[in-house]
Amino acid sequence: MGRLIIASNRTATPGEPKAGGLAVALWDALTERGGGLWFGWSGEISEREHRGIRLSTEDAVEFALADLTEREHDGYYLGYANRALWPVCHYRIDLARFDDEHFECYTQVNRRFGGLLHGLLRPGDEVWVHDYHFLLLGQELRNAGWRGPIGFFLHIPFPAPEVFTALPQHQRIARGLAEFDLLGFQTVRDTRNFVRYMVEHHDATDLGDGRLEVFDRIIRTAAFPIGIDAAEIAYFATSENGRSDASRLGKIIESRALVLGVDRMDYSKGLPQRLQAFGRLLDDHQDLCGHVTFVQIAPPSREDVGAYQDLREELDRLAGSINSSYSDLDWTPIRYLARGYPRETLAGLYRMARVGLVTPLYDGMNLVAKEYVAAQDPEDPGVLVLSEFAGAAEQLGAALIVNPYDITAMAEAIHRGLTMPKEERCARWRELNEAVTRGDIGRWRRDFLAALDAVGGGRPPLRGIRSA
Ligand code: ADP
């Protein structure tokens, strides 16, 4: 079997411990094959005339990292990836900024990176490209002459065609995507959206079994629901660090029930609606005043994008307004912590929370939902309140599923979670935990690579071949 080559905008840091489910999973994928190559942006911005790649080796895995210039960082990363692709894929066309120069820069970076990566490939290699930063990388590798297998996994939603077509450059992106041999999505919902888009807008023929004939190629599509390292989260939740950090919060909230939200501060996460729902809960159930505390952890992200600054101001205003209406001498209803915490701390907090609130307006998967489940005490688990628009809802139907736009229904779901009998909590949790552990991150990686192997596997190139 040839080498595995992973291309992702950010890679794990060479020489440092690999933390977080995804970084560990990709690292394992490389080391299990006895080595391979991880290619991506170094995280550095430089203006050097000669901008080649930095090579380093760790445990038979080679890292090949390239810098971006300031202009590339602005156009490709902040501009097209974060201001056009991210909002459109999360159904926020209203927040998208379509700028031809940003797209030009995006294509140039994909071309430059494709050229650099092509120079490192050897016959027999399998390439696995990740995410919305590199939608055109497969095409650039083909243009450079690569004929071997290329798989792609999208870590954000693929929206309905009616939304994706708002991207002025969607035709060019579709052409680029068709150069991958295998396209993996997080959910059945996203896979169907992509297939429908290719059929309705590019005359693709749906050959069944996830195969599509489009632009004279046969490509494969499938859902690979991404998961977490459930065993690690369960371990963290009862670890010394996890428990001692949780007990710091415990001293403040005392015996009150904890309702917890953990998110990156992003407009896709439904944070204003969630705060409003908690306010509605207090309005409608005044007996809860003084007996429940909502902790929302949300470190700012992408502060250089204007929409994020507006969101932060809105959250400050909402939390302030609810707190000023309801706080008492010894109780503040909402504690809003705009910072990140170590994974052990989060796991300890998840375990302490009677209700885990995961209510994005739209989310590709949402790993926090799965982490919350994995961290629970099987004998006395909390209740997950989950948005129907999180990809995780396809697997976690035993949660209390809510419409994140329906403030009253969300408030009632929180109330139901706070008052749910233990027997029902345990039954729901067992079902959820079964789904989370069965579909963990290891399974995701193995399933994707098995599908990619099936594409490569020494078979003739797919171009122009009709399926049997
Ligand atoms: P997204 O990829 O959109 O941020 P996910 O829920 O899929 O959303 O993944 C978020 C990851 O980031 C989870 O593993 C979660 O534990 C972590 N995370 C989210 N918020 C925080 C925080 N405040 N501090 C530390 N880690 C966080």
Side-chain angles (χ1 to χ4, degrees), residues 8-10 12 18-26 81-82 85-87 89-92 130-133 153-157 185-187 190 224-237 241-242 245-246 249 260-271 274 294-303 305 307-308 311-312 315 335-351 353 356-375 384-387 389-396 399 404 436 439-441 444:
S8 55
N9 178 58
R10 294 311 307 274
K18 312 293 175 269
L22 180 60
V24 172
L26 297 184
N82 286 346
L85 291 172
W86 178 276
C89 289
H90 287 87
Y91 289 75
R92 293 302 301 269
H130 289 259
D131 224 357
Y132 61 107
H133 309 93
F153 185 78
L154 185 65
H155 292 260
I156 64 172
F185 301 90
Q186 307 203 74
T187 55
D190 295 349
F224 300 91
I226 196 162
I228 59 164
D229 184 341
E232 181 187 62
I233 295 290
Y235 168 75
F236 281 162
N241 286 347
D245 283 347
L249 178 67
L260 180 69
V262 173
D263 307 78
R264 250 181 336 97
M265 191 184 293
D266 190 280
Y267 46 77
S268 63
K269 302 294 182 183
L271 295 170
R274 200 181 301 172
F294 175 31
V295 173
Q296 175 63 54
I297 298 177
S301 66
R302 304 176 189 164
E303 286 172 277
V305 180
Y308 290 81
L311 174 63
R312 178 154 194 183
L315 295 178
R335 290 175 61 83
Y336 164 41
L337 307 170
R339 49 163 291 188
Y341 286 91
R343 295 162 56 69
E344 282 100 324
T345 308
L346 290 183
L349 296 177
Y350 291 143
R351 193 173 178 99
L357 263 189
V358 183
T359 56
L361 302 180
Y362 213 84
D363 216 333
M365 175 55 68
N366 198 295
L367 296 178
V368 167
K370 296 186 173 182
E371 291 171 357
Y372 177 75
V373 170
L384 176 65
V385 174
L386 180 63
S387 163
F389 303 122
E394 278 188 8
Q395 298 164 287
L396 304 183
V436 168
D440 72 355
I441 185 87
W444 168 78

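Throughout, residue positions are numbered sequentially from 1 according to the sequence presented. Both counts, for ligands and for their atoms, begin at 1 and track the order of listing. These figures come from a predicted structure and were not determined experimentally.
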From [X] [atom1] over to [Y] [atom2], what is the distance, rounded to the nearest 0.5 angstrom?
| X | Y | atom1 | atom2 | answer |
| --- | --- | --- | --- | --- |
| N366 | Q186 | CG | CD | 10.0 Å |
| L311 | D266 | CG | CG | 7.5 Å |
| H155 | M365 | NE2 | CE | 11.0 Å |
| S8 | L26 | OG | CG | 6.5 Å |
| Q395 | T187 | CD | OG1 | 9.5 Å |

My question is simple, although I want it checked carefully: is [atom] less than 4.0 angstrom from any protein heavy atom?
| atom | answer |
| --- | --- |
| atom 5 (P) of ligand 1 | yes |
| atom 17 (C) of ligand 1 | no |
| atom 2 (O) of ligand 1 | no |
| atom 25 (C) of ligand 1 | yes |

Sub-4.0 Å atoms of ligand 1 with respect to non-hydrogen atoms of [X]:
| X | answer |
| --- | --- |
| D263 | 20 (N) |
| Y350 | 16 (O) |
| L346 | 16 (O), 24 (N), 25 (C), 26 (N), 27 (C) |
| V368 | 6 (O), 15 (C) |
| P299 | 22 (C), 23 (N) |
| R339 | 23 (N) |
| G340 | 22 (C), 23 (N), 24 (N) |

- Message: Measuring from atom 7 (O) of ligand 1, which candidate in I228, L367, V262 has the nearest non-hydrogen atom?
- Response: L367
- Query: Looking only at non-hydrogen atoms, which of K269, R264, H90, M265 approaches atom 8 (O) of ligand 1 most closely?
  - Reply: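 Looking at heavy atoms only, K269 sits closest to atom 8 (O) of ligand 1.
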- Message: Just by distance, no angles: are the side chains of Q296 and R274 close enough, under 3.5 Å, to form a donor-acceptor pair?
- Response: yes
- ligand 1 N/O within reach of I297 N/O, cut-off under 3.5 Å: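 N/O-N/O distance below 3.5 Å does not exist for this pair.
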- Message: With a cutoff of 4.0 Å, is E371 in contact with ligand 1, counting heavy atoms of the residue only?
- Response: yes
- State which residue, out of Y91, Y308, Y362, fulfils the ring-ring contact (aromatic ring centres under 6.0 Å, His included) condition with Y267. Y308
- Query: Between Y372 and A353, is there a donor-acceptor pair closer than 3.5 Å when you use the side chain of the first and the backbone of the second?
  - Reply: yes
- Task: Write down the atom of A369, the atom of A392, and the distance for their closest heavy-atom approach.
- Result: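 Closest heavy-atom pair between A369 and A392: CB-CB, 4.4 Å.
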- Is K370 paired with D440 through a side-chain N to carboxylate O contact shorter than 4.0 Å? no
